[in-house]
Amino acid sequence: MSTSSNHLRSYCRLGSHRGYRLCDQCGSVESATLKLKLCGACLTTQYCSRTCQRLHWAYHKTICRHTVALIQQASEDAPKQTIGGQDLVKDLRRFASAYSTLLGWAGFQGLQLTILPHKISEEALLIVLQYRPHVQAHCRFILSATYIVPQTFICDPLVNDEIRRRDERCRLNAGIGAMVVIIQCESTSEVMPFEVDAPQDIDWAICSDWAAVLAESISMGRTDFQPVRVSH
């Protein structure tokens with residue numbers, strides 16, 4: 001297993017009702033009337049307005065330029081990063097966006113954060129994918145394996161710095177920190193930090209066969225996955 005290409009991915013926050021996206025500058029929650037837009041260069045941060053994007057640039061520019069450089073390098077290594085004539089980096093990014101709710105849920109279940117919240121700062125969920133030809137980008141992968149790995153598995157210092165920044169922000173807002181999910185195919189990976197509310201504020205039922213649910217949902221192209229919730 002290798003993470004030679006650690007591309008940071010935009011995230012959402014796992015809260016009491018759903019996984020929801022936040023403006024990286026002001027923390028505004030995305031809604032039907034407020035749609036967030038990604039940074040057009042790196043696609044790793046999201047903003048509610050151009051004003052917030054400008055204000056955040058001083059903090060964002062380092063990881064932004066670093067991520068863009070990694071993506072450009074992957075493009076230059078096209079023979080190594082292409083499977084079946086498809087751009088692996090682009091397909092993984094599309095996959096991460098399409099299955100963000102499922103991947104966040106799998107990370108929460110796999111790390112057992114309901115009963116072991118301290119693991120959020122120690123471990124990460126690694127999801128290893130296998131490529132399969134398909135006309136739709138989000139259906140071009142199937143699950144090969146899952147592993148619980150130490151967060152030291154991520155070797156890129158700038159990506160780790162960004163995870164720490166999001167972890168600190170989450171804790172300042174009464175969360176338990178930034179959970180890390182890594183999706184990987186061949187030597188390319190996407191690192192997805194999810195800011196997580198306190199477990200008692202998340203009404204997801206504990207699922208012991210989360211890996212099987214993950215595999216089936218990916219295989220069937222279930223981008224509309226929704227967690228089973230505990231009724232109160």
Side-chain angles (χ1 to χ4, degrees), residues 1-14 19 21-25 27 38-39 41-47 53 56-75 77 81 88-89 92-93 95-97 99-100 103-113 116-129 145-197:
M1 295 179 293
S2 169
T3 53
S4 57
S5 298
N6 284 145
H7 303 140
L8 189 72
R9 185 64 186 163
S10 61
Y11 71 103
C12 66
R13 181 151 178 156
L14 305 183
R21 299 202 304 162
L22 305 173
C23 174
D24 247 304
Q25 171 61 26
L38 291 169
C39 170
C42 67
L43 305 179
T44 67
T45 53
Q46 54 230 351
Y47 304 100
Q53 186 172 11
H56 194 246
W57 177 242
Y59 300 96
H60 178 55
K61 61 183 178 182
T62 301
I63 190 66
C64 182
R65 290 168 177 168
H66 179 63
T67 302
V68 170
L70 286 175
I71 294 171
Q72 290 176 341
Q73 183 61 50
S75 297
D77 295 339
Q81 304 296 335
L88 184 56
V89 174
L92 271 182
R93 294 174 79 80
F95 178 91
S97 293
Y99 292 101
S100 60
L103 298 172
W105 172 85
F108 188 85
Q109 300 289 348
L111 296 178
Q112 299 180 289
L113 296 183
L116 300 170
H118 65 277
K119 292 177 70 174
I120 197 168
S121 60
E122 301 170 357
E123 297 177 337
L125 173 63
L126 172 63
I127 298 172
V128 180
L129 302 172
T146 60
Y147 302 94
I148 303 299
V149 298
Q151 286 199 13
T152 52
F153 186 83
I154 302 169
C155 56
D156 190 317
L158 290 180
V159 170
N160 282 318
D161 286 346
E162 183 66 11
I163 292 169
R164 280 191 290 269
R165 184 186 71 81
R166 296 182 182 189
D167 184 83
E168 291 170 1
R169 180 178 62 184
C170 182
R171 293 174 189 275
L172 287 173
N173 287 281
I176 62 170
M179 174 187 74
V180 177
V181 175
I182 308 163
I183 57 172
Q184 180 173 311
C185 184
E186 300 293 327
S187 62
T188 297
S189 61
E190 291 279 341
V191 178
M192 303 178 67
F194 294 84
E195 297 184 29
V196 182
D197 285 351

Query - Shortest non-hydrogen contact between Q46 and L22, atoms and distance - result: CG-O, 3.2 Å
Does some side-chain heavy atom of [Y] sit less than 4.5 Å from a side-chain heavy atom of [X]?
X    : Y    : value
T188 : Q184 : no
Q25  : Q53  : no
D156 : H66  : yes
C42  : R65  : no
Y147 : E123 : no
L92  : I183 : yes
L111 : M179 : yes
P150 : E122 : no

Rounded distance [0.5 Å steps], [atom1] in [X] versus [atom2] in [Y]:
X    : Y    : atom1 : atom2 : answer
F194 : I163 : CZ    : CD1   : 11.5 Å
I120 : C170 : CD1   : SG    : 6.5 Å
E190 : S97  : CD    : OG    : 8.5 Å

Requested in this report: Pick out which of I154, L125, I127 makes a side-chain contact (heavy atoms from CB on, under 4.5 Å) with I182.
Outcome: I154
Report task. Would you sort out whether Q151 and V180 count as a side chain to side chain contact (heavy atoms under 4.5 Å, CB included), showing the intermediate values? Result -> CA-CA 8 Å; Q151 286 199 13; V180 177; 4.0 Å; yes
Between [Y] and [X], is there a salt bridge with N-O shorter than 4.0 Å?
X    : Y    : result
D24  : R169 : yes
E168 : R164 : no
D167 : R171 : yes

Query raised in the report: Could you walk me through whether D161 and I63 pass the side chain to side chain contact (heavy atoms under 4.5 Å, CB included) check?
Result: CA-CA 9 Å; D161 286 346; I63 190 66; over 6 Å; no
**Report entry** Criterion side chain to side chain contact (heavy atoms under 4.5 Å, CB included) on I176 and D197, from CA distance to verdict
**Finding:** CA-CA 6 Å; I176 62 170; D197 285 351; over 6 Å; no
Report task. Decide yes or no on side chain to side chain contact (heavy atoms under 4.5 Å, CB included) for C185 and V128, but give the supporting numbers first. Result -> CA-CA 6 Å; C185 184; V128 180; over 6 Å; no
Query raised in the report: Okay, side chain of S121, backbone of H118: is any donor-acceptor separation there less than 3.5 Å?
Result: yes
Query raised in the report: When the ring planes of Y99 and F95 are compared, do they come out parallel, tilted or perpendicular, using 30° and 60° as the limits?
Result: tilted
